[in-house]
Amino acid sequence: MKEFNFNHKTFSLIENSENGKVNSETIFKYKQQGDLVTADYYGGTIKYGTIIANLKKDKLDMLYQCVTTNNELKAGKAIANISLTTHNKMKLTLNWQWLNDKKETGVSEYLEH
């Protein structure tokens, strides 16, 4: 199995569920130390957000939080499945859930630049 390296990688959205907050203008900048993966994200509908995750083979177990341009404070959790495109770029497919009263779920996909 390939070892994935997120250090200094940039990702953007390619597809999202209707109840997601991120759009195609949001940029994710990742860092990695061992199996700890973190990211800052901003742009589009997001003023600022952070991700903290554990890398386990081809999955990221993540928690995220953000402030939207409408000043909503949001938080959620996700499992991201990591795959490689034919151009050897990482693709993340997230099964996520908001951690609010409704516990809404969704799926989103991100591609490495």
Side-chain angles (χ1 to χ4, degrees):
M1 173 169 288
K2 174 165 175 46
E3 283 192 29
F4 295 102
N5 183 354
F6 284 84
N7 211 24
H8 305 295
K9 302 287 181 168
T10 302
F11 286 76
S12 59
L13 179 76
I14 53 177
E15 192 170 329
N16 202 359
S17 297
E18 190 176 317
N19 54 343
K21 292 294 179 183
V22 171
N23 67 20
S24 61
E25 298 172 20
T26 309
I27 300 297
F28 294 77
K29 296 194 176 276
Y30 280 83
K31 294 180 183 173
Q32 181 176 346
Q33 290 182 319
D35 61 359
L36 172 64
V37 176
T38 61
D40 291 337
Y41 60 103
Y42 48 85
T45 55
I46 304 296
K47 278 187 185 178
Y48 181 70
T50 60
I51 295 171
I52 187 166
N54 282 320
L55 177 62
K56 298 176 183 175
K57 297 183 181 177
D58 63 347
K59 295 189 186 322
L60 284 173
D61 186 1
M62 57 174 50
L63 293 172
Y64 53 89
Q65 59 190 2
C66 67
V67 176
T68 69
T69 53
N70 293 331
N71 288 320
E72 292 177 277
L73 187 59
K74 302 287 286 183
K77 63 181 181 176
I79 299 293
N81 293 301
I82 310 163
S83 59
L84 289 176
T85 67
T86 55
H87 296 94
N88 219 29
K89 296 290 186 179
M90 284 188 283
K91 179 180 173 184
L92 303 176
T93 303
L94 275 68
N95 291 293
W96 52 263
Q97 180 179 23
W98 290 117
L99 298 177
N100 59 9
D101 293 337
K102 295 180 186 175
K103 304 279 193 258
E104 295 172 296
T105 62
V107 177
S108 55
E109 293 184 343
Y110 301 84
L111 189 61
E112 176 189 352
H113 288 202

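Ion pairing between a basic and an acidic side chain is recognised when a charged N comes within 4.0 Å of a carboxylate O; Lys91 and Glu112 show no such pairing.
The ring of Phe11 has its center no closer than 6.0 angstrom to the ring center of Phe28.
The minimum heavy-atom distance between Lys21 and Trp98, with the atom names listed, is CG-CZ2, 3.6 Å. Ile52 and Leu36 get closest at one heavy-atom pair: CG1-CD1, 3.8 Å. Smallest separation of non-hydrogen atoms from Leu60 and Ala53: CD2-CB, 4.0 Å. In terms of heavy-atom proximity, Asn16 sits nearest to Ser108 at OD1-CB, 3.2 Å. Residues Tyr110 and Ile14 come closest through the heavy atom pair N-CG1, 4.1 Å. Contact record, Leu94 with Ala78: CD2-CB, 3.9 Å, taken as the closest heavy-atom pair.
Counting non-hydrogen atoms of neighbouring residues, nucleotides and ligands closer than 6.0 angstrom, the NZ atom of Lys74 exceeds 12 such neighbours. Under a cut-off of 6.0 angstrom, the local environment of NE2 in His113 is crowded, with over 12 non-hydrogen atoms contributed by other residues, nucleotides or ligands. Other residues, nucleotides and ligands place no more than 12 heavy atoms under 6.0 Å from the NZ atom of Lys102.
Looking at Gln97 and Thr105, their side chains never bring a donor and an acceptor atom within 3.5 Å of each other. There is a side-chain donor-acceptor pair under 3.5 Å between Lys59 and Asn81. At a cut-off of 3.5 Å, with distance as the only test, no side-chain donor of Tyr30 or Asn7 sits close to an acceptor on the other residue.
Checked by atom type and distance alone, the side chain of Glu109 never pairs as donor or acceptor with a backbone atom of Leu111 at under 3.5 Å. Remark: the backbone N or O of Gly44 is not paired with any side-chain donor or acceptor of Thr26 at under 3.5 angstrom.
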